[in-house]
Structures are given as C-alpha cells and as structure tokens.
Amino acid sequence: MTAGLTAAGTLHADAVRVLTAWNAPDAAQDALRRDFLAHLAAHPDGVYRACAPGHVTASTLVLDATGTRVLLTLHRKIKAWLQLGGHCEPGDASLAAAALREATEESGVAGLELRPEPARLDRHRVYCHPGGSWHLDVQYVAVAPPDAVHRISDESDDLRWFPAGALPEPTDEAVRNLVAAATPR
C-alpha cells in the first residue's frame, strides 16, 4: 500500500470515527451527520477534493481569547465573510488536524487551541469539479491566544475580528449558525 493510500485510509477512518461519536445538537444536524457517514461509506476517497460527488472539508471558527470576537475571512473567490478552512490534504492525519492546519495557514495566528469536538456540520454546493460538487464541512472552533497577531493569506481579500453579535455582510446562515453554536448566549 502506498503512503498516499495509507494516509487516505487513516483520514477516512478518523472522519468516520469523529462523525460516529459526535453528539449532534438537534435532529437536523443528526440527519446531516448520518448523510456524511453514508457518503463516506460509499466513497473511500470522500475526504479529498478528487471525490467529485462531494468531499469532507474541515473549517474552523476562530474566537479571540475572550470568546466575544470572531476572526473571519473575506474569501477571495466567494466574496463573502466566512470562517477559515478548506480541503483536507494527504498529510492530514485527522479532521481536527486539517481544521487546525487550515485555520493556522489562513489566519497566520500561531498557538490556536482547537476544541476537540466539532461544533456543527454544513453541506453546501461548490464548483470544485465541472458540473459542481458538495462540501461536507465538519466545523470546529479554536481559541486564539491573547496576543494573537493575524495576517491575510493569498486566499483572502481581508481578514478581521468582528464582535460575535455583529457579523459583517455579506455572510451566510452557516456562519451565523456556527457563531451561535460557538459563543455564549
């Protein structure tokens, strides 16, 4: 077995483990969890972008040390304010590792502390392949250190902190739901 297949099997197994163990907060999230698991059962390559019908992605909502502000990116292609994240890569041993890698790469913030369990799931249409595809997004939350310094990556037009209760436009319902799940009420 090649190293790439071994890594894919490890990441796939981790995704199945995470989604199987995850306690969804409501019936809609549980239905999505079951859909993600069915997709992974049908697609051994379902954790990578090459899987045209859809693929698991890992994203992270970054909170400041007080838990009252969120770091959002103005995505260069989508032109909306989003959490950080993206495609899993062959070197990712777990969904949590992919989420942390993406958040660190896209924010430039060192020392992010990832919460161990996903906060939410989201499925959205994307155009990674001709005719379209789906992102099966496993959404995590990370807390930045008090002295966090961020930098804009080449995937972003902008990167800024926003109060959790005053999100910028344009954003989407998935971001609003993730912020609500991650911040105290």
Side-chain angles (χ1 to χ4, degrees), residues 10-11 14-25 29 32-33 36 47-49 55-78 80-124 126 135-168 171-185:
T10 300
L11 184 57
D14 179 72
V16 169
R17 181 194 61 74
V18 167
L19 291 166
T20 299
W22 186 61
N23 289 319
Q29 284 284 289
L32 207 49
R33 180 188 71 81
F36 284 22
V47 292
Y48 293 127
R49 183 181 187 154
H55 39 278
V56 171
T57 56
S59 69
T60 304
L61 180 71
V62 175
L63 300 175
D64 73 353
T66 69
T68 61
R69 295 185 310 152
V70 298
L71 186 62
L72 299 178
T73 180
L74 183 57
H75 195 278
R76 180 159 284 168
K77 291 180 183 175
I78 299 171
W81 292 98
L82 304 173
Q83 76 275 16
L84 306 168
H87 294 106
C88 297
E89 295 181 0
D92 295 326
S94 67
L95 286 180
L100 184 59
R101 176 188 50 74
E102 284 283 336
T104 302
E105 287 175 0
E106 293 183 10
S107 71
V109 175
L112 293 172
E113 290 188 27
L114 192 73
R115 292 182 182 166
E117 302 298 321
R120 291 188 57 81
L121 305 177
D122 181 66
R123 176 176 41 215
H124 52 275
V126 293
H135 276 181
L136 311 177
D137 195 30
V138 179
Q139 302 175 324
Y140 287 84
V141 175
V143 178
D147 59 350
V149 176
H150 64 278
R151 66 164 171 68
I152 298 172
S153 77
D154 60 359
E155 295 182 33
S156 300
D157 283 337
D158 200 355
L159 182 71
R160 284 192 243 165
W161 292 103
F162 294 95
L167 299 179
T171 192
D172 64 17
E173 193 66 24
V175 172
R176 289 188 284 278
N177 289 337
L178 180 55
V179 170
T183 57
R185 302 188 195 277

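Reckoned from all heavy atoms, side chains included, excluding hydrogens, waters and symmetry mates. In this text the structure is predicted, and so the values were computed from the model without any measurement.
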Inset, instruction - Could you list the residues that satisfy side-chain contact (heavy atoms from CB on, under 4.5 Å) with T68, not counting sequence neighbours? - result: D64, T66
Inset, instruction - Just jot down the side-chain contact (heavy atoms from CB on, under 4.5 Å) partners of A98, sequence neighbours excluded, or say none. - result: A58, C88, D92, R101
Are the side chains of [Y] and [X] in contact, using a 4.5 Å heavy-atom criterion?
| X | Y | result |
| --- | --- | --- |
| H135 | R123 | no |
| S59 | Q139 | yes |
| V109 | P145 | yes |
| T73 | E155 | no |
| T171 | F162 | no |
| L159 | L84 | yes |
| T104 | T60 | no |
| V179 | L61 | yes |

Measuring from atom [atom1] of [X] to atom [atom2] of [Y], what distance do you get when rounded to the nearest 0.5 angstrom?
| X | Y | atom1 | atom2 | value |
| --- | --- | --- | --- | --- |
| E106 | S156 | CD | OG | 6.0 Å |
| L11 | E89 | CG | CD | 10.5 Å |
| H87 | D137 | NE2 | CG | 10.0 Å |
| L178 | L121 | CG | CG | 10.5 Å |

Legend entry - Intermediate values then yes/no, side chain to side chain contact (heavy atoms under 4.5 Å, CB included), D172 and L82: CA-CA 8 Å; D172 64 17; L82 304 173; 4.0 Å; yes
Inset, instruction - Enumerate the residue pairs fulfilling side chain to side chain donor-acceptor pair (under 3.5 Å) with a member in residues 111-122, sequence neighbours excluded, ordered by first and then second residue. - result: D122-H124
Would you name the heavy atoms of [X] and [Y] that are closest together and state the gap between them?
| X | Y | value |
| --- | --- | --- |
| L95 | Y140 | CB-OH, 3.6 Å |
| P168 | L72 | CD-CD1, 3.8 Å |
| A96 | L114 | O-CD2, 3.3 Å |
| A65 | V143 | CA-CG1, 4.0 Å |
| W161 | L63 | CZ3-C, 3.7 Å |
| V175 | Q83 | CG2-OE1, 3.3 Å |

